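One structure is given below, encoded as structure tokens.
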Amino acid sequence: DRAHILRVMRPGTSEADVRREIELVREFDRLGVPTVRLAGDIAAQPLKVLNCLGTVWQRLAEPDPAHVYRALGQLVRIFHQRTADLRVPLEPCRQHVSSDRRLAQQREHYAPEDVRMLTQWSKRIAGELAQVQPVLPAGIIHGQAEVGNVLFRADQPVLIDFEQVSVGPREWDLVHTAVVVTRFGRPEQCYRHFADGYGFDVRTWDAYQTYRRLWDLCATTWLMQHDHRDPTVAHEIDVRLQTWREDNPDTRWSGVLERR
């Protein structure tokens with residue numbers, strides 16, 4: 001079927017979480033937020049087969065790499081502007097808590113000194129976060145505002161992937177692109193297009209370095225939960241741990257499991 005795509009949920013995904021995402025997409029459509037749409041000719045979603053859950057969506061096109069960063073900035077701005085009246089109950093953003101949980105779950109697989117180091121960094125970041133003065137009003141955030149979550153419908157960009165939609169600091173939706181350009185060695189012009197599209201350069205914010213470290217911590221513990229026996233993944237984990245030992249904001253990382 002060239003018009004639709006089936007998304008099969010990860011094992012352990014609850015039906016409540018899937019229904020929440022479906023409800024969010026319908027709300028975004030009501031509010032005029034450019035997002036992916038569910039297949040209109042499938043009456044009952046999610047689909048359930050044995051122990052698997054799935055959803056059917058309209059098939060979309062890949063973005064033009066030359067324009068995707070500006071498109072992402074514009075989409076995030078629209079998302080922030082139009083979701084104030086969202087009717088779906090949301091939890092507060094818990095990126096820091098999730099990172100701590102991942103670290104605790106993986107501690108037996110890593111050297112005790114590295115676990116202690118990341119734990120100490122986490123505590124330091126938590127202390128800094130408590131003192132942060134936001135420059136943007138808090139509100140609904142996408143939670144994974146990255147170019148990998150932009151597709152095109154009829155030449156118009158739309159957002160996808162709403163698992164981490166929550167209430168929190170809108171700066172978090174801007175930090176990802178700012179950090180990724182440096183960490184993964186992408187052209188600086190990519191970030192400039194993104195910041196221009198949104199209308200604000202998060203790097204000028206006093207608390208940017210704190211949020212940059214939070215992003216780095218989340219990205220490190222996220223990778224640590226993957227198969228550390230894979231030599232490519234293991235090497236990248238070592239690179240990221242060394243980055244924390246040196247506290248080097250300019251060390252290049254490899255997006256070994258990144259979509260784009």
Side-chain angles (χ1 to χ4, degrees), residues 1-65 68 71-72 75-76 78-79 82-83 86-95 97-99 101-102 105-106 140-168 172-173 176 218-219 221-227 230 233 255-260:
D1 184 351
R2 296 182 179 180
H4 301 102
I5 187 167
L6 172 66
R7 181 185 181 194
V8 179
M9 304 305 164
R10 293 187 299 268
T13 302
S14 72
E15 184 171 345
D17 286 342
V18 179
R19 291 191 179 281
R20 171 183 172 274
E21 186 168 23
I22 291 171
E23 190 177 0
L24 279 171
V25 169
R26 289 171 175 159
E27 270 291 281
F28 293 148
D29 188 49
R30 181 184 69 84
L31 295 169
V33 180
T35 61
V36 63
R37 294 172 181 163
L38 290 158
D41 51 355
I42 306 293
Q45 296 213 51
L47 307 178
K48 289 184 277 187
V49 178
L50 299 178
N51 293 322
C52 293
L53 293 169
T55 46
V56 182
W57 304 83
Q58 293 180 352
R59 186 180 294 275
L60 301 175
E62 291 292 323
D64 178 353
V68 67
L72 175 61
L75 284 170
V76 174
I78 293 169
F79 185 93
R82 297 184 182 176
T83 51
L86 194 74
R87 297 172 181 169
V88 180
L90 295 173
E91 297 290 329
C93 177
R94 293 194 174 99
Q95 295 290 347
V97 173
S98 297
S99 178
R101 182 175 63 250
R102 290 193 295 268
Q105 291 170 342
Q106 297 299 316
I140 311 300
I141 63 173
H142 182 278
Q144 292 179 290
E146 55 192 75
V147 292
N149 284 329
V150 177
L151 293 175
F152 272 68
R153 178 176 58 240
D155 297 326
Q156 296 299 314
V158 300
L159 286 168
I160 67 171
D161 200 344
F162 308 109
E163 292 182 359
Q164 294 191 29
V165 171
S166 59
V167 178
W172 182 250
D173 275 346
H176 174 91
C218 291
T221 59
W222 177 83
L223 190 62
M224 289 171 70
Q225 71 184 341
H226 290 81
D227 189 355
D230 181 321
V233 173
V256 290
L257 299 175
E258 298 289 326
R259 283 174 290 187
R260 279 199 294 272

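Treat the numbers as computed from the prediction; the structure is a model and nothing was measured.
At distances below 3.5 Å, not a single donor-acceptor pair connects side-chain atoms of Q164 with backbone N or O atoms of Q144. Side-chain atoms of E21 come within 3.5 Å of backbone atoms of F162 as a donor-acceptor pair (strictly under, hydrogens ignored). With hydrogens and angles ignored, the 3.5 Å screen pairs a side-chain donor or acceptor of R82 with a backbone N or O of G32. For the pair S98 (side chain) and R94 (backbone), a donor-acceptor distance under 3.5 Å is present. Judged by distance alone, with hydrogens and angles left aside, the side-chain atoms of N149 form no donor-acceptor pair with the main-chain N or O of D161 at under 3.5 Å.
Partner of T221 under the side-chain hydrogen bond (donor to acceptor under 3.5 Å, both in side chains) criterion, chosen from Q105, Q106, R101, R102: R102.
Residue C93 comes nearest to G168 through the heavy atom pair CB-CA, 4.1 Å, listed as atom of the first residue, atom of the second, then distance. Here the closest non-hydrogen pair linking V56 and Q45 is N-OE1, 2.7 Å. Shortest non-hydrogen contact noted between P157 and V150 is CB-CG1, 4.2 Å. Closest approach of E62 to L151, counting heavy atoms only: OE2-CD2, 3.8 Å. P34 and I78 make their closest contact through CD-CG2, 3.6 Å (heavy atoms, listed as atom of the first residue, atom of the second, distance). In this structure, H226 and V233 approach most closely via the heavy-atom pair CB-CG1, 4.5 Å.
To the nearest 0.5 angstrom, Q95 atom CD is 5.0 Å from C218 atom SG. Between the CZ atom in F28 and the CZ atom in F79 there is a gap of 4.0 Å [rounded to 0.5 Å]. Atom CD1 of residue I160 and atom CG of residue L60 lie 7.5 Å apart, to the nearest 0.5 angstrom. Taken from CG in L75 to CG in D173, the straight-line distance is 11.5 Å, to the nearest 0.5 Å. Interatomic distance, NE2 of H4 versus OG1 of T55, reported as 12.0 Å (0.5 Å rounding). Of the inter-residue distances, the one linking T35 atom OG1 with R153 atom CZ reads 6.5 Å to the nearest 0.5 angstrom.
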Applying side chain to side chain contact (heavy atoms under 4.5 Å, CB included), run through R26 and L38 and close with a yes or a no.
CA-CA 8 Å; R26 289 171 175 159; L38 290 158; 3.9 Å; yes
Between T83 and V33, does a side chain to side chain contact (heavy atoms under 4.5 Å, CB included) hold up when you go through it step by step?
CA-CA 8 Å; T83 51; V33 180; 4.0 Å; yes
Stepwise side chain to side chain contact (heavy atoms under 4.5 Å, CB included) check, V167 with E91:
CA-CA 6 Å; V167 178; E91 297 290 329; over 6 Å; no
Can W172 and H176 be said to form a ring pair (Phe, Tyr, Trp, His ring centres under 6.0 Å), step by step?
CA-CA 7 Å; W172 182 250; H176 174 91; 8.7 Å; no
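In this structure the side chain of L6 reaches within 4.5 angstrom of the side chain of L47, judged on heavy atoms. Under the 4.5 Å side-chain criterion, counting only non-hydrogen atoms from C-beta, I140 is in contact with V165. Annotation: side chain of E15 is in contact with side chain of P46 (closest heavy-atom distance under 4.5 Å). F152 places none of its side-chain heavy atoms less than 4.5 Å from the side chain of D64.
Between E23 and R19 there is no salt bridge, since no side-chain nitrogen of the basic residue lies less than 4.0 Å from a carboxylate oxygen of the acidic one. A salt bridge links R7 and E163; the closest N-O separation between the charged side-chain nitrogens and carboxylate oxygens is under 4.0 Å.
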